[in-house]
2 protein chains.
Amino acid sequence: MRDFLKGAPLSALAAAALAGLLLAPTVAGADEGMWTFNNFPSAKVKQAYGFSPDPKWLERVQLASVRLARGCSGAFVSASGLVQTNHHCARACIQQVSTAEHNHIKDGFTAAELKDEAKCPDMEVNQLVQITDVTQRVNAATAGKEGDAFSAALKEVQAAIQKECTGGADDTRCDVVELYHGGAYNLYKYHRYQDVRLVFAPEEDIAFFGGDPDNFEFPRYDLDVSYVRVYDKDGKPLNTKANYFPYASHDANEGDLVFTSGNPGRTERLDTVAELEYERDHALPDRLLYLAELRGILLQFTSQGEENGRIARTKLFTLENSYKALYGGLQTLVDPALIATKRKDEAELKAIIDADPALKQQYGDPWAAIAKSVEHFAVVATRYDVLEGGRSFTQSDMFTFARNLVRAASERALPDGKRLREYTDANFPFIRQRLLSNSPVYPELERVLMRMQLVYMQRQLGPDDPLVKKVFGNRSAEQIADDLVKGSTLGDPAERKRLLEGGQAALDASTDPMIRFAKLVDADALAARRDVEANVAAVQQKNAGYIAQAMFKVHGTSIYPDATFSPRVSYGAVKGYEQNGQHVAPFTTMGGTFDRATGAFPFALPESWLKAKDAINPSQKFDAVSTNDIIGGNSGSPVINKDAEVVGLIFDGNIQSLGGDYGYDGSVNRAVWVTVGALKEALAKVYHANRLAKELAGH
Amino acid sequence: MRDFLKGAPLSALAAAALAGLLLAPTVAGADEGMWTFNNFPSAKVKQAYGFSPDPKWLERVQLASVRLARGCSGAFVSASGLVQTNHHCARACIQQVSTAEHNHIKDGFTAAELKDEAKCPDMEVNQLVQITDVTQRVNAATAGKEGDAFSAALKEVQAAIQKECTGGADDTRCDVVELYHGGAYNLYKYHRYQDVRLVFAPEEDIAFFGGDPDNFEFPRYDLDVSYVRVYDKDGKPLNTKANYFPYASHDANEGDLVFTSGNPGRTERLDTVAELEYERDHALPDRLLYLAELRGILLQFTSQGEENGRIARTKLFTLENSYKALYGGLQTLVDPALIATKRKDEAELKAIIDADPALKQQYGDPWAAIAKSVEHFAVVATRYDVLEGGRSFTQSDMFTFARNLVRAASERALPDGKRLREYTDANFPFIRQRLLSNSPVYPELERVLMRMQLVYMQRQLGPDDPLVKKVFGNRSAEQIADDLVKGSTLGDPAERKRLLEGGQAALDASTDPMIRFAKLVDADALAARRDVEANVAAVQQKNAGYIAQAMFKVHGTSIYPDATFSPRVSYGAVKGYEQNGQHVAPFTTMGGTFDRATGAFPFALPESWLKAKDAINPSQKFDAVSTNDIIGGNSGSPVINKDAEVVGLIFDGNIQSLGGDYGYDGSVNRAVWVTVGALKEALAKVYHANRLAKELAGH
């Protein structure tokens, strides 16, 4: 599953720190690259495939593509704001609109009429409308600064640029994107849409047929699609007549050139050796071990009754997906060949700098500086990660609400440029949507997650840590979790609204135990974050910027930046590959699905498919692979042909693509997608979703 | 917790294979070494501490020491067969004699009279009575052989030697121990005792005070003791008048020389670089990830009601202990310094061989041969491990019974020397005891474990694996686990006895689903094992033997063999150490326990201690550390003074000792033990265990 599971925005830094924070540029081989719209290698595509996307083509693709702000991609596919994305990208929404009585994850969802389309409580859709280069302004603001001062200046200038860009409008989103990790800063201006409604979703059993065992594998038989609709301010379907991808009348064939337009989340293709070794030896194993334990807890929890399954399986699903992807990344890193190559590349570039007194004077030894920052991170990483990062209490929705409320009160009282990034005026609407959403909260699951996190915190920081002592006092993890969840009213959106609007005074007056708990840990969490921002992130940003600039001097602009969960285009061809000495064909068929089905989870087909078996064209292409270079975050990306028509829907990469964080190997790295023919066939023959089918056909 | 958790004997090979199977010798620094009784460095001890253990002293220590065959150590401490060991070493027994009504893990156990001593269903105690060198006979049998043939010949000669040694007597146990991994083979002859009864155990809350967070840490406040009694064939307490350690009248002091006598399980201090890298990159991470997931499952399971906690916490406890130990080992291996040193040592020894044409002719390049076997293992390891090794269905007791019954029927029909090791006449009593024991089986836990293993198998081998397809058919993991556990009668010892005695005919007639399942997977499991035995283990045994022989030529006998879960002696001094810039004193006090207690698990004291607070001497030394070189398996080892009197009871190593698998650092590596004074104080003041106290005082 190629979604980029960002979690709350406040964990973005955590993710970045874990990942080493270095997004360095790389010279692209054939079909390689996640290209920005303002630096697309049209000439290279022309040379390889005979077609040169022109600026108009690129603009059209840019405007018809969307980002799902909580971690996926999508595309407008009708004139009325209809968005095609993955089932797993809308999964949170599908679950949120479910109840104990109506489980739409299990049974699917079809809105018979427009009025039946169900509001997704916290989905946000972004459409990129403008890119502006702001490198000079950013560099001027940070020039000559280090550590804390660098970090503060960067934050301040970014906030200022973003605020100017939005002009205070909540329906505009502006992100200063660090490309080539500090080699360039571009301002991305988006339309921000928060009224998004669920139109259609198939049953989980076919959307994720094969489950975890088949995830990241091919051949594959998944209908991983959902449709949502963007509504405008007046509550009407958004008019997207000018900017959408029509469905192609024919499927792509083997060898065809295809493009994807989406938002790859994060790659670390030219992290320094020091960063990669840390990732291999500490960050990835520790993260995987944490996920494995949480997986065990959720596996057991979900097995305790159908309702437990309903409320926790989305979390389990998300986790298993991350786990498999990270495990694949680890396998790539323990292969000594990869780091050996990086070491060589690093030495070569360093020699170029060292040989040029001007460069040497300007950049010094950025690799050594980064290595030192990694050493510092190694010391503080556990505390950072457990309190503020990827292994923190933010697993719990109620805790996340509490933390957001506590911080919103204090941060939003500060000048915009002094706030934590996610609380600036430009960024806050994203958090606010979640705080005010009526998505359900499940106390029993919350209790289990809080208990797990408390045990984990005690284990990782040790029982003698002063904060651990303060948190535990004379209670056990079980008792604390019980008290927090039973005593809290943060599951109620009205209460969250009251606390958000009441600001610091309301917070101070609150006796809600989860609010008090979030306050109790906040000073330590923020201190850990400030330390990492100043002594790890700032050092890496500054020095990786130097490395990037040096690379520009050597390679010019024939390079693409590492992924940053911002819009990118990749190109490639429909193509099979060799695996264990066997050729894997680029297509599966819908008929093949029935051969693979055993009747038992995760290889059970839904009733609708069993019923429709005879109606379905067995030789209709189902899933496909192509050489497009994608990564987590690209889930839901449209696959389009030269005419910018949809021929497919990205939902995964193959197992060989899991090393894509660190490099691209065109011989085996494949994007996995549903063909447009299968989408049409399923809507017509299985779901009889005529309203939707008509809309997709342009009627 | 320094126990050596072997699991079923059939997983011993798994453990060995995982660990790289190489037990190479090393030259010992000060206080370093797990010495055999027939090669103890008395002169070195004399030089360092002014005392030279003589053969008589060593013999006395040997005979008063015992091995707990399922993974621990102990010592006779009275004339009537009383054995002192750890609470965690008798934990399985304490749980087995518990019921839903009487939870002795929680409440402790005291046998008021001899008749109240409770039979441990499957404890086996071994007393080493004789060591014989059989190197020549073994080497003659395997000379000139490779792979399968080597493996078969080794198995056959070992079985023959062992069978001759036991003379068919089940109360004699004989093990051919590979020392210096093939540098020498010694025959260890033991008395085997299977009638062992529980005499005393404190409450878990004080035996394991501090729980997982404090495990492998110091300062420490644990009363990790239990007493069991060995009974003779007539059901009378064993007469051990000639061979026991009396309790010392005074505690040891800082700086005192102390010895430990126990059974360190496994070290890999001179594994080759290829083996260590495999361990670091694959074996340890995969094992840890498996344990982390199982931990999550058990954490959630045990939180579902008190009875679930009672039946599964021992398993969770065992797992958490392994996890922390293995994680410590991984941290040692990712430190590049360790492997760099090994690489240098390896190059030096290789240079010596290469420089000597005779040696070169005899040994070739054993490191290259081992590296090749590691490459082979890398390919087959997952399948081996999931079907036959450390991540297999043997987590389930019912499956283990089924497998043992299936294999007993086929293997015991073969000539002794052709059988799998654990089914030879000399070894089988160990399995038979477990099969026929009346220890309780918990179906709900069994179901959870089987489901987990099925999901894990499907994930690791993939849904297209032919065996996975056969196992799953059209059922889900959940359904299969339900069917297996609900339908099986293997929880009943009478049924197991019937099947064991009925042999192949009874097996063939059985419709028990667990038996059928064990049969279904057995061919694949055995094939995986045979492959590893022939192409990994045999290659490593042969070539590690060469390396060992080369080391003998260079270092003589001033070296000790890697640990092999056979009796060893280590020496050292009571001594603190520096940690994070602070001095850690070598003793804690009983009074300190009350300061550390919070009242909440795992820092809650039992009622008995709270009541006795005023009676306990607060300045009585409680736990202690010394420089003795120990490892998992040493749990329950006595700590003795020069007069062979008990001054303590080993139960742990400090966190710095977790690298002990790979090396010993005397500056920080410490053994952790309960002082004899604390044992006496607790029995007298907390437990009023007068019968036991009198016996220990020699009355």
Heavy-atom contact with chain B under 4.5 Å, split by part of A/Glu478: side chain
Which one wins on heavy-atom pair count under 4.5 Å against chain A: B/Leu289, B/Thr598, B/Asp281? B/Leu289
Between B/Gly599, B/Gly462, B/Ser303, the one whose heavy-atom pairs under 4.5 Å with chain A are most numerous: B/Ser303
Region of A/Arg451 that comes under 4.5 Å of a non-hydrogen atom in chain B: side chain
For B/Asn215 and A/Arg459, what are the C-alpha separation, side-chain angles and deciding distance, and is it a side-chain contact (heavy atoms from CB on, under 4.5 Å)? CA-CA 10 Å; B/Asn215 197 10; A/Arg459 187 195 308 155; over 6 Å; no
What verdict does the side-chain contact (heavy atoms from CB on, under 4.5 Å) test give for A/Val334 and B/His282, after you've listed the backbone C-alpha separation in whole Å, the side-chain angles of each residue and the deciding distance to 0.1 Å? CA-CA 9 Å; A/Val334 297; B/His282 299 286; 3.8 Å; yes
Tell me, side chain or backbone of B/Gln479 under 4.5 Å from chain A's heavy atoms, or both, or neither? side chain
Assert top hit (heavy-atom pairs under 4.5 Å, partner chain A, pool B/Lys324, B/Arg475, B/Gln460, B/Gln304) equals B/Gln304
Looking only at heavy atoms and a cut-off of under 4.5 Å, which of B/Gly210, B/Ala600, B/Ala292 has the most pairs with chain A? B/Ala292
Does CD belonging to B/Gln582 count more than 12 external heavy atoms closer than 6.0 Å? no
Chain A contact via B/Tyr323 - which portion, at a heavy-atom distance below 4.5 Å: side chain
Is A/Phe603 in contact with chain B via its backbone, its side chain, both, or neither, using a 4.5 Å heavy-atom distance? side chain
Can you tell me how far CG of B/Leu299 sits from CZ of A/Phe301, rounded to the nearest 0.5 angstrom? 14.5 Å
Residue pair A/Gln300 / B/Val448, side-chain heavy-atom distance below 4.5 Å: yes
Let's go through A/Ile297 and B/Ile297 carefully: what are the C-alpha distance in whole Å and the side-chain angles of both, what is the deciding distance for side-chain contact (heavy atoms from CB on, under 4.5 Å) to 0.1 Å, and is it a yes or a no? CA-CA 5 Å; A/Ile297 285 174; B/Ile297 285 174; over 6 Å; no
Heavy-atom distance under 4.5 Å to chain A: side chain of B/Gln331, backbone, both or neither? side chain
Distance check, rounded to the nearest 0.5 Å: A/Glu293 atom CD versus B/Leu294 atom CG? 10.5 Å
Does any heavy atom of chain A fall under 4.5 Å from the side chain of B/Arg280, the backbone, both, or neither of them? neither
Heavy atoms, side chains only, cut-off 4.5 Å: are A/Pro602 and B/Gln458 in contact? yes
Report, as yes or no, whether the 6.0 Å neighbourhood of atom CD on A/Glu307 holds more than 12 heavy atoms from other residues, nucleotides or ligands. yes
